[in-house]
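One structure below.
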Amino acid sequence: MMKQLIFSFYIILLLALIGCNDDTTQHHFSETVKIALRDAGNTLLLANNDSTSLVLPIIKIEENRYELAFQNKLSITPDSLVVAVSNSLKAAKLPKQYIVEVVNCNNDEVSYSFQIKGSKEKDIVSCLGRKLPADCYTIQVLFFENKPWLTTKMYMTLFMLLACILIYAFFYVKKRNTKTPVEDTVPYSKIGDYKFYKDQNKLIKEAVEIKLSAKECELMSMLSANQNQVVKRDVLVKEIWEDHGVFVDRSLDTFISKLRKKFKNDNTINIINVHGVGYKLEVL
């Protein structure tokens, strides 16, 4: 159990560290997107036989949306655009689901767009083979996903929850391991190496439990209270049978025989028949 708690502690610590690095991860994502889009922009310029004009700085317009702009006018072929963006994002291991829009700088109208969902059935790529005339264009890319499934706040909440569970489990195990056995909190009588639990109808020796019937327990109780002393037969019969039910001849002898069998493996304890008087629980 303790090994499991230690393992859980390391898991919690790992989650906390990941959560603390969440903001750093987002920063790296943004920088990676900018590098990938700059690469795609360079590919488009080269397709226009332009190796001198600049790809302008990539701008993060809003959450998940980035803009690629150019120094000079260029023409765009949808086929080349789809391949350039796809290859650059794939090489950078960026999300596979996104929308690309080609926006005309002069009127902010979308001149062309396509959607990639990660499978041919869901991808929407139209107008292939048609060429947009040379003009001022910006290319905007909107990602459907860019964050880990857990935010920093969620990580910290989970960390606190798991920490509380771990602390509770630690003290529970500690308490359970130091808890006094139930038998030691219940009254019992000593009979040699045996513990006699009258209220629970049992004998215990070295974690071995011996069950007693109700009559055996009553008889054992009287003999135990008078160890190494003779208890008269009449007293036993009166206390156990005559005051609580009908006494059948030889019942006492039968139950004495049953009790002797409980101690058959212990030579230090014996129940002796004192002829004509009664019985004695002899404990050496």
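Since this is a predicted model, take the numbers as computed values, not measurements. Numbering of residues begins at 1 and proceeds along the displayed sequence.
Judged by distance alone, the side chain of Asn270 and the main-chain N or O of Glu282 form no donor-acceptor pair under 3.5 Å. Listed for the Arg130 side chain is no donor-acceptor partner under 3.5 Å among the backbone atoms of Pro78. At least one donor-acceptor pair under 3.5 Å links the side chain of Lys215 to the backbone N or O of Ile240. Using modelled atom types, one side-chain atom of Thr43 and one backbone atom of Asp39 make a donor-acceptor pair closer than 3.5 Å. The backbone N or O of Ala84 sits less than 3.5 Å from a side-chain atom of Ser88, completing a donor-acceptor pair. Remark: the backbone N or O of Asp193 is not paired with any side-chain donor or acceptor of Glu206 at under 3.5 angstrom. A distance-only check finds a donor-acceptor pair linking the side chain of Asn104 to the backbone of Asn106 [under 3.5 Å].
Taking the centre of each ring, Phe143 and Phe29 come in below the 6.0 Å mark.
Between Glu216 and Lys261 there is no salt bridge, since no side-chain N of the basic residue sits under 4.0 Å from a carboxylate O of the acidic one. Checked for salt-bridge contact, Glu209 and Lys211 meet the test: a charged N lies under 4.0 Å from a carboxylate O.
Between Leu212 and Leu259, the shortest heavy-atom contact is CD2-CD2, 4.2 Å.
Relative to the six-membered ring of Phe263, Lys205 misses at least one condition, a distance below 6.0 Å or an angle of at most 45° to the axis.
Phe255 and Leu281 end up in the same hydrophobic cluster when Ile, Leu, Val, Met, Phe, Trp and Tyr side chains are linked at under 4.5 Å.
A donor-acceptor contact closer than 3.5 angstrom is absent between the side chains of Tyr279 and Asn226.
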